[in-house]
Structure formats: C-alpha cells, structure tokens
Number of protein chains: 2
Amino acid sequence: MQQLDSHQYLGVRDDIAARIAAGEFKPGERLPSERQLQAGGGVARGTVREALFQLEAEGVIYRKDRSGWYVSPPPVVYDPTRWEGFMSYVEAQGRRPETETLSKVEIVCDGMLAQIFSRPVGAPMYWIRRRRLIDGRAVLIESIIVDAARAPGLIEHDLNGSLTSVLKTVYGVGVARNKVDMRPCALTRDEAEALRVKSGLPGLSLVRTCYDAQGHVVEFDREYWRHDALTVSVDIRVR
Amino acid sequence: MQQLDSHQYLGVRDDIAARIAAGEFKPGERLPSERQLQAGGGVARGTVREALFQLEAEGVIYRKDRSGWYVSPPPVVYDPTRWEGFMSYVEAQGRRPETETLSKVEIVCDGMLAQIFSRPVGAPMYWIRRRRLIDGRAVLIESIIVDAARAPGLIEHDLNGSLTSVLKTVYGVGVARNKVDMRPCALTRDEAEALRVKSGLPGLSLVRTCYDAQGHVVEFDREYWRHDALTVSVDIRVR
DNA sequence: GGAGCGGCCTGGTCTATACCAAGTACATGT
DNA sequence: ACATGTACTTGGTATAGACCAGGCCGCTCC
C-alpha cells in the first residue's frame, strides 16, 4: 500500500528477514531481544516490534511469551481427503508429533449436537479436548465430540495417540466421508491460552464432521491451528 | 493468555464488539474515528488501535486507508469441489460480485510453468491478473496462467465475467479435476497494494490447478484473499 | 542432588506527543 | 454540469518514556 523504502519498519523487517534467509538464525532459534535489535538500527522499540509483527503475520517468526522471538519451522501439509491421523502424517513429513489430552468427559447432547449427530437431546456424548504439538511446539487445539453409543467406554482409553485408530480397531468404526470447513480466524481467550500465544494472533479454524459408510456422524471436531503451522492441500474430482 | 479483565485493550475491544453486536453499527457502516473512541473511554489512542487490530484479526471489522474502520460483512462460502466460478457462487449467496481485469498479456513458459503444464519452455501462455470484489469491496486478487495453445486468442475476450464459462463455451475446455492448496499468509507489497490494505494483513493464499478429463493442466491460478472474506467448505469421500 | 528463592531480562501494555500523506467534503471557478 | 482547489479529518508511522508480569537462570540452602 506504500512505496518500498518509505517506511522504517519495513526496512527493519527486511533486515531481519535477510539475516534469517542468510542462515544467521535457523529454524527454532531465538532472535536477539527487541532492545538489542533496536540498538543495532537506531530506531524506537515500537518500530522494531512493528517489524516483528509483520514477520509474525508472514509466518517467518513466532514468539514465546516473555521469552523471545523464534524462527518458525516449515509448515506441515494437511490433506483432509486422506484419512490418516495427525500422528501419522506429521511423522511421515519427518517431524515429531505429540498429543496431550487436556480433558475427556461425558456430556449430554444439546440442541446443536442433536442436529449434527441426528440423536435425541440428552443422549450421552464424549467431549475430548486435546493439544497437539510438532517438534515440541503447540500448533493446534481441538475439541472432539463422539457419540457415546458408538464407542462405549472410549474415554477410558489412552487418547494421546490416534483417535482414528482407536475407533477403528477397538470399535470397528470407520470413516467414509469427511466434511471440512476452514476459515481464517483469530485465536482468542481460551484457544490462545491453550496454545500459549497472544490473544488475537491469526489462526485457522477447521471444523471436521466425519461420517461412516451409512452416513451417520461418527465424530465432530473443531480445530484451531496456529496460522504458520500448516498448509492445506486438497485434490478432488469436480462434481 | 491473560485473565479476562486485566487488559484495557481487551475491555475496549469488548465495548466496541458489544456495540456492533447490539446493532449500533451495521455491516458496511463506519465506526467513529479512533480519536472519538479514545475520548469516550479515557484511554490512549494506541490502546484503542490495539483493540481495533484485535477486532480486525477476528474479522469483525476492516479498514479503509485513511478513511476509517468499517464493520465487516459476513464471509462467502467457497467450495473448491464445486466447479462454479466466483461470479455464480457469490451471486447465489445474495451478494454482488464484480471482476476487474488488471492485466492480460502473453508470456512464454518458464521452467516452473513448464513443469506444471508439461509443456516445453518457451511455449506461449496467457497471464491474466484480476481483482474481484464483493459488494464493492476488494476481496481477492488472482494471477492466472492458461496454455495459449488450448485457448488461442483468449485474452481478446472480455475476462470480467467467468473465465470458466469462456473456456467451456468458446473453447470447449472443461475441468475434471481440481487441486487446491491453501495456506494462511500475509498480504505483502503487491497483493496488499492491489487489495488496498496494509502490508502484513493476514490473508489466505489459494493455489488452484485445474485439469481436464485427459489429465492436462488447463489453468493454474494463485489467489490471495482477505482473511475475513471467505469460508472454505470441502465435502469429500475418504480415499 | 534437588528444591526453593531471588533477581535479571524479556516481551506485553500503556501513555503522550508529533508529524505525515491520503482521503473527504465543500466551496469555488469555469 | 464538471473540474479544481483547499481546509480539515482520518488513519499511519515514529519517538521516548514508564511500569508490569512471567520466563529464565543461577545461587543458596537443605
């Protein structure tokens, strides 16, 4: 929106980006502190921060609260048409996936869920919240609903691995159809806290509805991703 | 990442969000100026701006440079598996689509395009750049490459409508397969300027590769969307 | 060795002020 | 009617300062 050189903060941005590109700072490494970067260029701290925000929006760097700014690792590729779980596709890309179960409880079906699952209000459901990490960095949190009638005792299992394979191997429940809604969003309040990022950071909201071969909803899943952690790739025949 | 009330800017955010939710400001309408909002709450202008950035990241408001802050209209839904063009699906959702052709030129195939199209380096290609608007607001810019051998004279046509239907009706070229890559990104430099937004605003990058029934690449398209303008919805059978 | 305690450093928030460039609205001139 | 100019408003950029809370690390004490 502005000419190339006219803004200091874009100049500072380019400096830092160039130093990263040159390999002075490598993925996962910490940048010098804001006050040090400031001293180097003779600019105000606010200007340095503006440049850092720019790079953050581009996915080049990220921050750990009150610890520093770090160079972002490359994103992972996610293909919603392939029904492999997080654990396997992250590993297939040479990265180290982890899952933490934040909570798992039995709830009763409310109006919205009743509609999604075509089940009566009051039917028992499981509600699972998990946080998932790649190479030790929290990249998404998810909130999963599963019909308790389809997978009785599900939450007694260890859910830190692949939920997909638990449903398949233990309950014989497979997925035949997958509906995915995606939209850019802001990570606010709860999501931001769980991902340990600042409220307001851009993210990607991904809502998945999984159906079995009979067209029944097996699993309803809301995911909130850090915006710099993934690329979505879909390859489909046109209807 | 922080407790609820502890930050002024979140308080200001909530105030403004509440006034929007209450209908005091409607979609498309302008908010009071930053200096007016500041006077109302007894806070510094920087704090008001922080709150506005927050709401912008959430997609609630957007800005027009040096004109003011406006309430965002709802996003449109885009389904990459449905091969309808922008013009028709936007219209189907009760919105007013527009297209502006920024440039259309003949170029020669470079190494990258040669690989994508399976055509020799140096083969003629058309390069079309368009801006698309919804209800008068620029929401995306796109850069399209089409094999000139498949659609000779394409750029002589009016391309402010649906390119899809021109390819189909004039050249008999249909699309059978559609590969879509999506990732959150920052709108920088050129894209930001074309969309008249500030460099660094979050956006969604969408790369489409369209194939005909024989598996040849028909069209290669890079789109940059405002992050608050769309929701992507995919519904697919699992492979 | 391990737990606990400080203190330093970091980013996070906030104030106040200044100036600029581009948009807006309105009066003016043709 | 239409272009033109101008005064004013708006967001955009930048400075300099201040204080806070949480992360981090080393020291001390058990």
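Proteins get letters first, then strands, A, B, ... in listed order; numbering begins at 1 in each. We use all heavy atoms of the structure for the numbers below, so side chains are in, but hydrogens, waters and symmetry mates are not.
Among C/dC14, C/dA21, C/dG12, the nucleotide with an atom closest to any side-chain atom of B/Arg66 is C/dA21. Side-chain proximity of B/Asp65 to the nucleotides D/dT10, C/dT10, D/dG11 is greatest for D/dG11. Of the candidate nucleotides D/dT10, C/dT15, C/dG11, D/dT10 has the atom lying nearest to any side-chain atom of B/Arg30.
If you measure from atom CD of B/Glu50 to atom P of D/dG11, you get 16 Å, rounded to the nearest angstrom. Distance OH (A/Tyr9) to P (D/dT15): 13 Å, rounded to an integer number of Å. Rounding to whole angstrom units, CD of residue B/Gln36 and P of D/dC8 are separated by 17 Å. Computed from coordinates, the B/Lys198 NZ to C/dA21 P distance equals 18 Å when rounded to whole Å. Distance B/His7 NE2 to D/dC20 P: 14 Å, rounded to the nearest Å. Between the CG atom of B/Leu52 and the P atom of C/dC14 there is a distance of 14 Å, rounded to whole Å. Atom pair B/Arg13:CZ and C/dT13:P shows a separation of 14 Å (rounding to whole Å applied). Remark: P of C/dC19 and CD of A/Gln8 are 16 Å apart, rounded to the nearest angstrom.
Side-chain polar atoms of A/Thr99 and A/Arg130 form no donor-acceptor pair below 3.5 angstrom. Between the side chains of A/Glu106 and A/Trp127, no donor-acceptor pair is found at a separation under 3.5 Å.
Side-chain N/O atoms of B/Ser67 include one lying less than 4.0 angstrom from OP1 or OP2 on C/dT24. In terms of phosphate contacts, A/Arg63 brings a side-chain nitrogen or oxygen within less than 4.0 Å of OP1 or OP2 of C/dG12. Contact annotation: B/Gln38 side-chain N/O to C/dA16 OP1/OP2 distance is not under 4.0 Å. A sub-4.0 Å separation between OP1 or OP2 of D/dT10 and a side-chain N or O of B/Ser33 is present. For D/dT15, one of the phosphate oxygens OP1 or OP2 lies less than 4.0 angstrom from a side-chain nitrogen or oxygen of A/Thr47.
Side-chain atoms of B/Glu142 never come within 3.5 Å of backbone atoms of B/Tyr224 as a donor-acceptor pair (strictly under, hydrogens ignored).
On a pure distance criterion of 3.5 Å, no polar donor-acceptor pair joins the side chain of A/Arg49 and the base of C/dG11. A donor N or O paired with an acceptor N or O is not found under 3.5 Å between the base of D/dG17 and the side-chain atoms of A/Arg45. For D/dG22, the base has no donor-acceptor partner in the side chain of A/Arg196 [N/O atoms by modelled type, under 3.5 angstrom].
If you find the closest nucleotide of DNA chain C to B/Gly46 and to A/Glu34, the one lying nearer the 5' end belongs to A/Glu34.
None of B/Gln8, B/Glu50, B/Glu58 except one satisfies the side chain to side chain donor-acceptor pair (under 3.5 Å) rule with B/Arg13; the exception is B/Glu58.
A distance of 4.5 Å separates CG of A/Leu113 from CG of A/Asp110, quoted to the nearest 0.5 Å.
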